[in-house]
Each structure stands twice: as C-alpha cells, then as structure tokens.
Amino acid sequence: MAGRKCLALIAHDQKKDDLAAFVKANEAVLSKWKIVATGTTGGRVLDACPGLDITRLKSGPLGGDQQIGAMIATGDVDFLIFFVDPLTAMPHDVDVKALMRLAIVYDIPMALNRATAEELIAFRRN
C-alpha cells in the first residue's frame, strides 16, 4: 500500500448506511486513498461508490476487526473511521475495544462519528 494513504472503514449495523452516505459525500477526496473495510460495511460503501478502491476484509465478528487491527500494528493503516452505534449492544464488543486500543497505541487518527470523520477528512484534504 506504499504511496497512498490507507483508510480503514468499519460501521456497526445501524450505522452502515450513514457511513456509506459519508463516503459518497467525500468520494472525490477518498478516491485518492486506499481503503480497507470490514466485509458488510465494505459492500455497502462499494454499492454507494463503485469507483473507489476498496479492499473488503472479513465481516467484523468473523475476524475483520482483527484484520484491520493487524494492519494498524504493521503500519499499513493511516486512519480509522469507525461509525459506532452506542445505543445497540454488540456481542463482539471485546473485538471493538481491542481495535480502538490499537488505534490509540499506534497513534493513528480515529473518528467514531460523522462529525469527527468530517473534520479528519477536511484536515487531510489540505
């Protein structure tokens, strides 16, 4: 993934459409980036933006969160956008916390909602 910045995208079930809409609204900027996404999230984003370079990994509960975590640990992910649904219980909450911990440990920018993601994209655009 050398050369282009890599963005990882993840969204809880109730936030997948919001993330796809966010990516669609920022498609021109994101077209310059390599994107990895967990399986279902990546599918929704590809449906909204078929021209983007998106690598789909496994679904989050089936290991996709860990795949992205490993990419963070090896320096292959530069940014993380994870639209979290704080109102729905998540059975794989431990995986989510581990992923967030890795983003903090490796000091990569991380957005957990649309407002922060918009600021991250605006900052990186300049």
Side-chain angles (χ1 to χ4, degrees):
M1 290 183 219
R4 291 191 294 162
K5 294 292 185 182
C6 181
L7 169 67
L9 298 175
I10 306 171
H12 284 150
D13 288 345
Q14 299 302 317
K15 297 291 185 174
K16 290 184 190 314
D17 290 337
D18 293 341
L19 182 60
F22 165 80
V23 172
K24 182 67 176 167
N26 291 283
E27 187 172 6
V29 173
L30 297 179
S31 68
K32 299 173 185 147
W33 297 3
K34 171 74 177 148
I35 300 172
V36 295
T38 51
T40 308
T41 298
R44 294 270 182 95
V45 172
L46 274 171
D47 287 346
C49 307
L52 289 181
D53 179 13
I54 300 175
T55 299
R56 290 177 64 193
L57 305 173
K58 293 185 179 292
S59 171
L62 298 178
D65 295 336
Q66 284 82 6
Q67 287 179 294
I68 289 177
M71 293 175 76
I72 291 169
T74 58
D76 291 323
V77 168
D78 300 291
F79 316 104
L80 172 63
I81 295 177
F82 189 162
F83 279 16
V84 175
D85 179 7
L87 303 178
T88 303
M90 295 295 133
H92 62 289
D93 189 52
V94 173
D95 300 332
V96 172
K97 287 178 182 172
L99 179 62
M100 291 168 55
R101 182 174 48 253
L102 283 169
I104 293 166
V105 167
Y106 287 94
D107 200 27
I108 67 163
M110 173 178 57
L112 300 177
N113 61 29
R114 186 172 185 138
T116 308
E118 292 286 355
E119 291 296 322
L120 177 64
I121 296 300
F123 179 75
R124 296 297 170 177
R125 183 178 296 148
N126 299 327

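For Thr55, the side-chain hydrogen bond (donor to acceptor under 3.5 Å, both in side chains) partners two or more places apart in sequence, or in a different chain, are Lys34. Residues passing the side-chain hydrogen bond (donor to acceptor under 3.5 Å, both in side chains) test with Asp13, sequence neighbours excluded: none. Applying the side chain to side chain contact (heavy atoms under 4.5 Å, CB included) test to Thr74 and every residue at least two apart in sequence or in another chain returns Asp76. Evaluation of the side chain to side chain contact (heavy atoms under 4.5 Å, CB included) rule for Gln66 yields Asp95 as partners, not counting sequence neighbours. Under the side-chain hydrogen bond (donor to acceptor under 3.5 Å, both in side chains) criterion, Ser59 pairs with no residue at all, not counting sequence neighbours. Evaluation of the side chain to side chain contact (heavy atoms under 4.5 Å, CB included) rule for Leu46 yields Ile54, Arg56 as partners, not counting sequence neighbours. Qualifying side-chain hydrogen bond (donor to acceptor under 3.5 Å, both in side chains) partners for Arg101, counting only residues two or more places apart in sequence or in other chains: none. Not counting sequence neighbours, the partners of Lys24 by the side chain to side chain contact (heavy atoms under 4.5 Å, CB included) test are Glu27, Cys49.
Closest approach of Ala37 to Gly42, counting heavy atoms only: CB-CA, 3.6 Å. The shortest non-hydrogen separation linking Ile72 to Leu99 is CD1-CD1, 3.8 Å. The shortest heavy-atom contact between Val45 and Ala20 is CG2-CA, 4.2 Å.
The backbone N or O of Thr116 lies less than 3.5 Å from a partner atom in the side chain of Asn113, making a donor-acceptor pair.
Across Leu112, Leu7, Leu30, a single residue satisfies side chain to side chain contact (heavy atoms under 4.5 Å, CB included) together with Ile81, and that is Leu7. The residue from Ile10, Leu57, Leu62 that alone fulfils the side chain to side chain contact (heavy atoms under 4.5 Å, CB included) condition with Thr38 is Ile10.
For the pair Leu80 and Pro109, the minimum side-chain heavy-atom distance is 4.5 Å or more.
Taking CG of Leu9 as the reference point, atom CD1 of Ile68 lies at 7.5 Å (rounded to 0.5 Å). One finds the SG atom of Cys6 at 8.5 Å from the CD1 atom of Ile35 (value rounded to the nearest 0.5 Å).
Applying the side-chain hydrogen bond (donor to acceptor under 3.5 Å, both in side chains) test to pairs two or more places apart or on separate chains, those with a residue in residues 14-23 are Lys16-Thr41, Asp17-Arg44.
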- Message: Checking Phe82 against Met110 for the side-chain contact (heavy atoms from CB on, under 4.5 Å) test, could you report, in this order, the C-alpha distance in whole Å, the side-chain angles of both residues, the deciding distance, and whether it holds?
- Response: CA-CA 7 Å; Phe82 189 162; Met110 173 178 57; 5.5 Å; no
- Query: Should Gln67 and Val36 be marked as a side-chain contact (heavy atoms from CB on, under 4.5 Å) after you check the CA-CA gap, both sets of side-chain angles, and the distance that decides it?
  - Reply: CA-CA 10 Å; Gln67 287 179 294; Val36 295; over 6 Å; no
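Aromatic ring orientation, Phe83 versus Phe22: tilted (interplanar angle from 30° to 60°).
Cluster membership check: Leu87 does not share its hydrophobic cluster with Val84, using side-chain heavy-atom separations under 4.5 Å among Ile, Leu, Val, Met, Phe, Trp and Tyr.
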